[in-house]
Amino acid sequence: MASAAAYVMPAMVAFGKVTGPLMTVIAKVSETETKTEISAAEATEEASEELEAALKNTLKSVQEAWDKADDKLAISGLGFAALLVLWASTGLINAIDKLPLIPAVFEFVGILFSGWFVYRYLLFKPDREELFKLIDDAKSKITGQ
């Protein structure tokens with residue numbers, strides 16, 4: 001059976017140049033790829049500008065909170081203690097993970113808890129609204145607003 005491309009798109013290749021209908025298709029594909037590259041570049045630029053603005057806003061709020069703090073030494077100590085606890089908990093989790101049965105039990109408990117969370121907070125609309133209210137309350141308590 002002969003190639004379908006030979007019947008669909010006859011092209012003439014002469015001296016390394018493609019002519020005919022195939023050249024039209026290649027030009028259209030090239031033009032589309034160029035437009036896609038330009039729009040992807042614009043989207044990437046816009047996303048990076050948004051990220052930069054968000055980071056500047058976050059940094060500004062952190063600097064304002066740091067300037068408002070009275071006992072900067074205590075805050076630094078708490079931050080160091082939090083990093084130390086994080087490091088220690090990572091070591092503990094790695095040690096537990098090496099035990100043969102414990103990781104499977106933790107995975108099962110995690111799956112059960114995830115299922116309960118979905119059923120409790122995400123499955124029905126009133127429950128989702130309750131979750132959003134709880135999150136907003138927690139954010140207002142943390143930020144003090």
Side-chain angles (χ1 to χ4, degrees), residues 3-6 8-13 16-145:
S3 171
V8 175
M9 277 197 239
M12 294 175 42
V13 179
K17 294 185 179 182
V18 179
T19 59
L22 184 59
M23 187 58 198
T24 307
V25 171
I26 290 173
K28 287 181 181 178
V29 168
S30 177
E31 182 180 323
T32 305
E33 286 177 356
T34 304
K35 288 180 183 177
T36 304
E37 289 173 5
I38 291 171
S39 63
E42 291 172 356
T44 304
E45 184 177 326
E46 290 175 7
S48 65
E49 289 173 358
E50 291 175 7
L51 178 64
E52 184 178 344
L55 287 175
K56 284 182 181 179
N57 189 15
T58 303
L59 183 61
K60 183 179 178 183
S61 65
V62 168
Q63 286 175 341
E64 289 174 359
W66 180 255
D67 291 339
K68 289 180 184 177
D70 293 334
D71 196 4
K72 293 179 181 171
L73 182 63
I75 293 173
S76 300
L78 284 173
F80 179 74
L83 289 175
L84 189 64
V85 167
L86 180 67
W87 174 74
S89 65
T90 303
L92 179 67
I93 289 172
N94 284 335
I96 290 173
D97 196 35
K98 292 179 183 175
L99 298 174
L101 184 60
I102 303 294
V105 172
F106 281 158
E107 185 176 356
F108 182 66
V109 169
I111 290 170
L112 288 177
F113 182 77
S114 297
W116 171 83
F117 184 84
V118 167
Y119 175 75
R120 173 67 178 93
Y121 289 112
L122 301 177
L123 202 56
F124 304 108
K125 187 172 183 172
D127 296 334
R128 283 192 300 268
E129 291 171 356
E130 178 185 352
L131 177 64
F132 294 144
K133 185 178 180 290
L134 288 172
I135 291 172
D136 289 338
D137 290 344
K139 280 197 275 187
S140 65
K141 284 181 184 177
I142 290 170
T143 59
Q145 295 175 354

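- Among I93, N94, L92, the single residue meeting the side chain to side chain contact (heavy atoms under 4.5 Å, CB included) criterion with T90 is N94.
- A search for side-chain hydrogen bond (donor to acceptor under 3.5 Å, both in side chains) contacts involving E50 returns nothing, not counting sequence neighbours.
- If you take OG1 on T44 and CG on L51, they are separated by 12.0 Å, rounding to the nearest 0.5 Å.
- W66 CH2: more than 12 foreign heavy atoms inside a 6.0 Å radius.
- Within 6.0 Å of CD in E49 there are more than 12 heavy atoms belonging to other residues, nucleotides or ligands.
- Between R128 and L122, the shortest heavy-atom contact is NH1-O, 2.9 Å.
- A salt bridge links D137 with K133: at least one charged nitrogen is closer than 4.0 Å to a carboxylate oxygen.
- Atom CG of L84 and atom OG of S89 lie 9.5 Å apart (nearest 0.5 Å).
- Residues that satisfy the ring-ring contact (aromatic ring centres under 6.0 Å, His included) test with F106, not counting sequence neighbours, are absent from this structure.
- In this structure, E46 has no salt bridge (Lys or Arg N to Asp or Glu O under 4.0 Å) partners at least two apart in sequence or on a different chain.
- Atom-to-atom distance recorded for K141:NZ and D136:CG is 12.5 Å, nearest 0.5 angstrom.
- To the nearest 0.5 angstrom, K139 atom NZ is 10.0 Å from F132 atom CZ.
- Rounding to the nearest 0.5 angstrom, the gap separating the CG atom in L101 from the CD1 atom in I96 is 12.5 Å.
- Within 6.0 Å of the NZ atom in K72, the count of heavy atoms belonging to other residues, nucleotides or ligands exceeds 12.
- W116 has its ring centre no less than 6.0 Å from the ring centre of Y119.
- In terms of heavy-atom proximity, D71 sits nearest to A74 at OD2-CB, 3.2 Å.
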